[in-house]
Amino acid sequence: MLVFAKIKSVQQKINSLKKGASIGFVPTMGALHKGHLSLIKQAKKENDIVVVSIFVNPTQFNKQEDLINYPKTIDTDLSLLKSVYCDLVFTPTAEEIYSNNIKSQVFDFDGLEHQMEGKFRDGHFNGVGTIVKRLFEIVTPHKAYFGEKDFQQLQIIRKLVQKHHIPVKIIGCDIFRENDGLAMSSRNSRLTEEYRNASPFIYQTLKKAKIKFGTISAHDVVQWVENEFKNQPLLELEYFEIADEATLQSIKNKEPKQKYRAFIAVFAGKIRLIDNISL
Ligand code: AMP
């Protein structure tokens with residue numbers, strides 16, 4: 001496994017390998033867990049060479065505190081990547097990516113960016129768009145893998161690629177969960193035992209909401225979920241929405257043949273957790 005921190009050297013290596021070989025790419029912010037590894041394993045199956053980036057992108061954090069406290073475990077990350085036969089790792093510094101201008105480009109994602117996470121994390125998707133577009137330019141992958149754990153991000157990346165005519169196929173991957181149902185996340189390592197024990201309630205509630213959506217209106221499901229969280233002193237619901245998968249707009253009434261998904265964001269103390277389920 002080769003590790004590069006400089007854009008020029010990673011590009012040279014990729015160009016020399018690329019002749020006839022397909023490149024799969026998995027962008028991450030490190031603090032790797034089995035969720036990330038599931039993306040890498042899928043990429044390994046579908047490509048000749050797998051490139052993983054580890055970069056905690058400053059422009060996608062709306063709170064400086066979150067950026068500073070984001071877990072950094074580079075040595076463990078590199079051994080995990082070796083264990084799944086990753087071929088190439090790109091670990092740039094912020095300076096390498098942004099020079100001395102740590103700023104986002106402003107994007108128009110046809111309104112996807114204004115829903116859910118966009119309402120609560122100002123500028124987040126401009127930051128995501130900026131870094132992913134830059135990484136695609138550097139790595140030039142044939143396929144890139146993103147988790148449905150961040151479903152809104154996945155749809156936004158699809159829009160980014162479509163609008164900017166970037167020649168890469170975007171692959172969405174299933175959410176990887178702990179045995180008790182909590183969606184794996186780098187942030188989970190920051191949960192105290194008390195909050196960690198309370199957090200499986202999030203996915204349990206999503207599963208019940210999915211069943212209820214079969215018989216009652218979207219509006220009533222939302223009310224039911226909001227009430228459930230009122231009885232959970234350790235978990236503070238930020239939002240629960242039922243939205244159209246393509247537009248991410250919240251729905252009032254179900255239409256036949258449309259695909260819907262329920263999205264949730266919850267604070268477990270200071271740690272913000274997100275999850276979603278297909279309905
Ligand atoms: P992150 O390091 O949090 O930016 O995540 C890097 C990639 O891994 C993103 O495409 C995430 O959606 C994906 N990912 C994170 N957690 C999970 C999970 N539990 N299951 C599947 N994909 C995940």
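All ligand and atom numbering here is 1-based and tracks the order in the structure. Positions are given from 1 along the sequence.
Ligand 1 has H33 within reach: a non-hydrogen atom of the residue lies less than 4.0 Å from it. Between P27 and ligand 1 there is a heavy-atom distance shorter than 4.0 Å. The closest approach between D174 and ligand 1 falls below 4.0 Å for a heavy atom of the residue.
Comparing F55, F176, F151, Y70 against atom 18 (C) of ligand 1, the shortest heavy-atom distance belongs to F176.
The ligand atoms of ligand 1 that sit less than 4.0 angstrom from a heavy atom of D150 are 11 (C), 12 (O). The distance from ligand 1 to the heavy atoms of T28 drops below 4.0 Å at these ligand atoms: 2 (O), 6 (C). Atoms of ligand 1 found under 4.0 Å from any heavy atom of F146 (numbered from 1 in listed order, with element): 10 (O). Applying the 4.0 Å criterion to heavy atoms of M29 picks out, from ligand 1, the atoms 1 (P), 2 (O), 4 (O). Atoms of ligand 1 lying under 4.0 Å from any heavy atom of M184, numbered from 1 in the order shown and given with element: 16 (N), 17 (C), 18 (C), 19 (N). The L39 neighbourhood of ligand 1 comprises atoms 7 (C), 8 (O), 10 (O), 13 (C), 21 (C), 22 (N), with distances under 4.0 Å to a heavy atom of that residue.
At a 4.0 Å heavy-atom cut-off, ligand 1 touches K149 through the side chain alone. The part of H36 lying near ligand 1 is the side chain, judged by heavy-atom distances below 4.0 Å.
In this structure, H33 and H36 have tilted ring planes: the angle between them lies in the 30° to 60° band. Aromatic ring pairs are classed by plane angle as parallel below 30°, tilted from 30° to 60° and perpendicular above 60°; the pair F151 and F263 is tilted.
N57 and Y98 share a donor-acceptor pair across their side chains, judged by distance under 3.5 Å alone.
Surrounding NZ of K254 are more than 12 heavy atoms belonging to other residues, nucleotides or ligands, all under 6.0 Å away. By the neighbour-count criterion of 12 heavy atoms within 6.0 Å, atom CD of E137 is densely surrounded, having more than that number from other residues, nucleotides or ligands.
Considering backbone and side-chain atoms alike, I175 places every N or O at 3.5 Å or more from each N or O of ligand 1. In terms of polar-atom proximity, defined here as any N/O pair under 3.5 Å, G147 does make such a contact with ligand 1.
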E117 and Y239: side-chain hydrogen bond (donor to acceptor under 3.5 Å, both in side chains), yes or no, with the steps?
CA-CA 9 Å; E117 293 296 285; Y239 67 75; 2.4 Å; yes

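With hydrogens and angles ignored, the 3.5 Å screen pairs a side-chain donor or acceptor of K44 with a backbone N or O of Y85. Judged by distance alone, with hydrogens and angles left aside, the side-chain atoms of D77 form a donor-acceptor pair with the main-chain N or O of L32 at under 3.5 Å.
Taking 4.5 Å as the limit, some side-chain heavy atom of E148 sits within range of a side-chain heavy atom of D174.
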